[in-house]
Amino acid sequence: MTDRLDDPAQAPRDRQRTLRVVVNDHERERIEAMAKMAGLSLSAYLRTAGLNHPIRSTLDYDAIMELIRLHADLGRVGGLLKLWLAERRGEVVSAERVDAAFEELRELRGVLFRKIEVL
């Protein structure tokens, strides 16, 4: 096992040293916005980027969690539709309406998966 002080990545940071980065106003705004999206302070964001560590956006995480919730909701709606059809067998519901409902659910599912692929 590596001692924490022997591993530079795990050693306590000496926060007395600073780096000066020269940027224009637009670059500063972009860097600050990206740090905010990642949920990091400006220092933490620049340190992470400078050390070539992956920066995970909290927006990406939030978007993925929302898509997962939507997928679960879509699955529940499909399940409820199937249950309703099973319990109301023989009642007057046109096959076209049922097919249209299932087709709409399939289309929504396709949209959802296309959005997930983009992420």
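Worth knowing before you read on, the calculation uses all heavy atoms, side chains too, and leaves out hydrogens, waters and symmetry mates.
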Notebook entry, point to check: In the single-linkage hydrophobic clustering (I, L, V, M, F, W, Y; side-chain heavy atoms under 4.5 Å), do Ile68 and Val111 co-cluster?
Noted result: no
Notebook entry, point to check: Is Glu32 atom CD crowded by more than 12 heavy atoms from other residues, nucleotides or ligands, each under 6.0 Å away?
Noted result: yes
Notebook entry, point to check: Is there side-chain contact between Arg47 and His53, with heavy atoms separated by less than 4.5 Å?
Noted result: no
Next item on the list: Scan for salt bridge (charged side-chain N to carboxylate O under 4.0 Å, His left out) pairs involving residues 65-74, sequence neighbours excluded, and state none if there are none.
Entry: Glu66-Arg69, Asp73-Arg76
Next item on the list: State, to 0.1 Å, how close Pro54 and Thr48 come at their nearest heavy-atom pair, and which atoms those are.
Entry: O-CG2, 3.8 Å
Notebook entry, point to check: Linking I/L/V/M/F/W/Y whenever any side-chain heavy atoms sit under 4.5 Å apart, do Val23 and Leu46 land together?
Noted result: yes
Notebook entry, point to check: Heavy atoms, side chains only, cut-off 4.5 Å: are Tyr45 and Met37 in contact?
Noted result: no
Margin query: Starting from Phe102, can I reach Leu74 by hopping between I/L/V/M/F/W/Y residues whose side chains sit under 4.5 Å apart?
Written below: yes
Notebook entry, point to check: Is the count of non-hydrogen atoms from other residues, nucleotides or ligands lying under 6.0 Å from Asp25 atom CG greater than 12?
Noted result: no
Check: Which pair of non-hydrogen atoms, one from Ala35 and one from Ser41, has the smallest distance, and what is that distance?
Finding: CB-O, 4.1 Å
Checklist line | Leu19 CG: over 12 foreign heavy atoms closer than 6.0 Å | finding: no
Check: Counting only N and O atoms by type, is there a donor-acceptor contact under 3.5 Å from the side chain of Glu27 to the main-chain atoms of Asn24?
Finding: yes
Margin query: I want to check something: taking the side chain as every heavy atom from C-beta on, are Leu42 and Arg28 in contact at a cut-off of under 4.5 Å?
Written below: yes
Checklist line | Under the salt bridge (Lys or Arg N to Asp or Glu O under 4.0 Å) test, residues paired with Glu96 that sit two or more places apart | finding: none
Margin query: To the closest 0.5 Å, what do you measure between CE (Met65) and CG (Leu70)?
Written below: 11.5 Å
